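Some notes on the structure that comes next.
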Amino acid sequence: VSDFTYNEEPTEISGITGFVQRGTFQQNEQQMAFINAGCSKGFQLWQLIIIHKQDDAAKVISAERVYQSLEINDDSEPLSN
């Protein structure tokens, strides 16, 4: 992997704060793009990484649709001491 670049911004998914990174990198002479989203609450972490060829327009659109449709169903019980 080479030429790795990305930007990061805060996000909120289903009321849970987190981050989203969007970027590109070179792998085996192919330019790739990615979306990496993560949210955490207490000791729980949710993460989704989507990687696709940067020049595939359909995959660019699909990746963004997947990210935009993320929902977290947090039905876990809080940890007690």
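Bear in mind the structure is a predicted one, so any value in this text is a computation, not a measurement. Along the sequence shown, the residues carry numbers beginning at 1.
Separation of atoms CD1 (Ile13) and CD (Gln68) is listed at 9.0 Å; rounding is to 0.5 Å. For the atom pair Leu48 CG and Ile72 CD1, the distance stands at 10.0 Å (nearest 0.5 Å). Note: Gln44 CD to Cys39 SG = 11.5 Å, rounded to the nearest 0.5 Å. Residue Met32 holds its CE atom at 9.5 Å from CG of Asp55, rounded to the nearest 0.5 Å. Here the CZ-CD distance, from Phe19 to Glu9, works out to 12.0 Å after rounding to the nearest 0.5 Å. Taken to the nearest 0.5 Å, the CD atom of Gln54 stands 10.0 Å off from the CZ atom of Phe25.
In terms of hydrophobic clustering, with Ile, Leu, Val, Met, Phe, Trp and Tyr side chains grouped at heavy-atom distances under 4.5 Å, Phe34 and Tyr67 are assigned to different clusters. Following chains of ILVMFWY side-chain contacts shorter than 4.5 Å, one can reach Phe4 starting from Ile49, so the two form part of one hydrophobic cluster. Criterion: ILVMFWY side-chain heavy atoms under 4.5 Å apart, direct or through other members. Under it, Tyr6 and Ile51 are part of a common hydrophobic cluster.
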Under the criterion side chain to side chain contact (heavy atoms under 4.5 Å, CB included), I'd like the reasoning laid out for Gln30 against Lys53: C-alpha separation, chi angles, the key distance, then a yes or no.
CA-CA 7 Å; Gln30 179 68 51; Lys53 291 181 181 177; 3.9 Å; yes
Output, in order, the C-alpha distance, side-chain angles, deciding distance and verdict of side chain to side chain contact (heavy atoms under 4.5 Å, CB included) for Gln31 and Thr24.
CA-CA 7 Å; Gln31 191 68 21; Thr24 60; 3.5 Å; yes
From CA spacing to verdict: side chain to side chain contact (heavy atoms under 4.5 Å, CB included), Val66, Ile35:
CA-CA 10 Å; Val66 168; Ile35 299 174; over 6 Å; no
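Heavy-atom neighbours of Glu71 CD from other residues, nucleotides or ligands within 6.0 Å: at or below the threshold of 12.
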